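Report on one structure; see the data block that follows.
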2 protein chains.
Amino acid sequence: MSDYNEEIVPEMCKVTDALGILVGKWKPVILLHLLKNGTQRFNELKRSLPGITQKMLTNQLRELEEEDIIERKVYAQVPPKVEYSITDYGTSLEPILHAMHVWGANHTIHKQTKRNNQAEAK
Amino acid sequence: MSDYNEEIVPEMCKVTDALGILVGKWKPVILLHLLKNGTQRFNELKRSLPGITQKMLTNQLRELEEEDIIERKVYAQVPPKVEYSITDYGTSLEPILHAMHVWGANHTIHKQTKRNNQAEAK
DNA sequence: TTCTACAGTATCCTTTTCTATACTATACCA
DNA sequence: TGGTATAGTATAGAAAAGGATACTGTAGAA
């Protein structure tokens, strides 16, 4: 049990709050796209996310906007133009996304290794 | 856009994998309890998680066990005794949980501040 | 004049997640 | 002899998340 525990008391834990913002089938990928490519238009994002429906994309973007993670900029044009980008505040999520990516990548290996060991033990 | 981006390519992102392990209504709290209090028996955990059903607790524990995050130790006794604890590997999640907790706590403040500013602006 | 691009809504349906409740076996205690 | 504690399982149902599909209005191009 490490030093961290002094700070996280399960009863007042905010992990679930943070998690709630990242959870959603497409949210992490959307964030990574915006972080990597900067400002993107709605259909640009849609094309980057094969399989997503318009409804889902709208909904995930709205939820991220609600939390001040991304910004939505509407241009009064026809046909419409709407641009999405990460807010300055939103970039504070980057280290967490990065840590999760690294952990996730390692986990894939960990599980593979475990499977191999189990097969070998037979 | 920071240096991190060199490493996380949305197309091969593992964030969702990591997220999948943490997601579940009770998983973060269960992990925090085990990290804080060490080995715990089934009913001990149950008492620490007001509102959880036995089915849910069993199911969340099984999922975490499946990913090698926690260990389940059964004692051949009657009445039964089963102990749960974080594996060594499981502790590798701690920095992430900690980062999310800190971010989440700050986010609560951020949202409050935003609300205040908006109210003030009227 | 019909077609396309744009950024969405609206409606319905399926799948997944979570909850509620009842049930199990057995040792020990009063 | 009946009640309690233990660690679950079984079954049914409610709620939330996600998917499929059709529709909108308007400018500009073919």
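Residue numbers start from 1 in every chain, and the chains themselves are labelled A, B, ... in the order their sequence lines are given, proteins ahead of strands. Only a predicted model underlies this, so the values are computations on that prediction, with no experimental measurement involved.
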Return the set of residues passing salt bridge (Lys or Arg N to Asp or Glu O under 4.0 Å) with B:E65 (not counting sequence neighbours), or none when no residue passes. none
Once you round it to whole Å, what is the distance between P of D:dA7 and CZ of B:F42? 7 Å
Rounded to whole Å, the CD-P distance (A:Q54 to C:dT9) equals 10 Å
Using a heavy-atom cut-off of under 4.0 Å over every strand shown, decide if B:Y84 touches base, sugar-phosphate, or nothing. sugar-phosphate
Separation of C:dA5 atom P from A:K81 atom NZ, nearest Å, is 18 Å
Rounded to whole Å, the CG-P distance (A:L61 to C:dT9) equals 11 Å
Check: protein-nucleotides 25-30 of chain D nitrogen or oxygen pairs below 3.5 Å:
none

Does a donor on one side chain and an acceptor on the other come within less than 3.5 Å for B:D17 and A:H107? no
Can a side chain N or O of B:R41 be found less than 4.0 Å away from OP1 or OP2 on D:dT6? no
Could you check which of C:dA7, D:dA7, D:dG8 has an atom nearest any side-chain atom of B:T58? D:dG8
Do B:H110 and A:S92 have side chains that approach each other closer than 4.5 Å (heavy atoms only, starting at C-beta)? no
ILVMFWY network linking B:V74 to B:I86, side-chain heavy atoms under 4.5 angstrom: yes
Starting at atom CZ of B:R72, determine the distance to atom P of D:dA7, rounded to an integer number of angstrom. 10 Å
Check whether more than 12 heavy atoms from other residues, nucleotides or ligands sit under 6.0 Å from atom CG of B:D88, and answer yes or no. no
B:K27 atom NZ is separated from C:dT16 atom C1', nearest whole Å, by 13 Å
Answer yes or no: does atom NZ of A:K73 have more than 12 heavy-atom neighbours from other residues, nucleotides or ligands under 6.0 Å? no
Using whole Å, what does the distance between atom C1' of nucleotide C:dA7 and atom CD of A:Q40 come to? 15 Å
With A:L93 as reference, evaluate A:L64, A:I69, A:L35 under the side-chain contact (heavy atoms from CB on, under 4.5 Å) test and give the passing residue. A:I69
Please confirm whether the shortest side-chain N or O distance from A:R62 to OP1 or OP2 of C:dG8 is below 4.0 Å. yes
Side-chain N or O of B:R47 closer than 4.0 Å to phosphate OP1/OP2 of D:dT6: yes
So for atom CD, which belongs to A:E66, do other residues, nucleotides or ligands contribute more than 12 heavy atoms lying within a distance under 6.0 Å? no
Between protein and nucleotides 13-19 of chain D, what N or O pairs are separated by less than 3.5 Å?
residue	atom	partner	partner atom	Å
D:dG18	OP1	A:K25	N	3.0
D:dG19	OP1	A:K25	NZ	2.3
D:dG19	O6	A:K55	NZ	2.3

Tell me which one of B:Q112, B:K114, B:E120 satisfies side chain to side chain donor-acceptor pair (under 3.5 Å) with B:N116. B:Q112
In whole angstrom, give the distance that lies between atom NZ of A:K73 and atom P of C:dC6. 19 Å
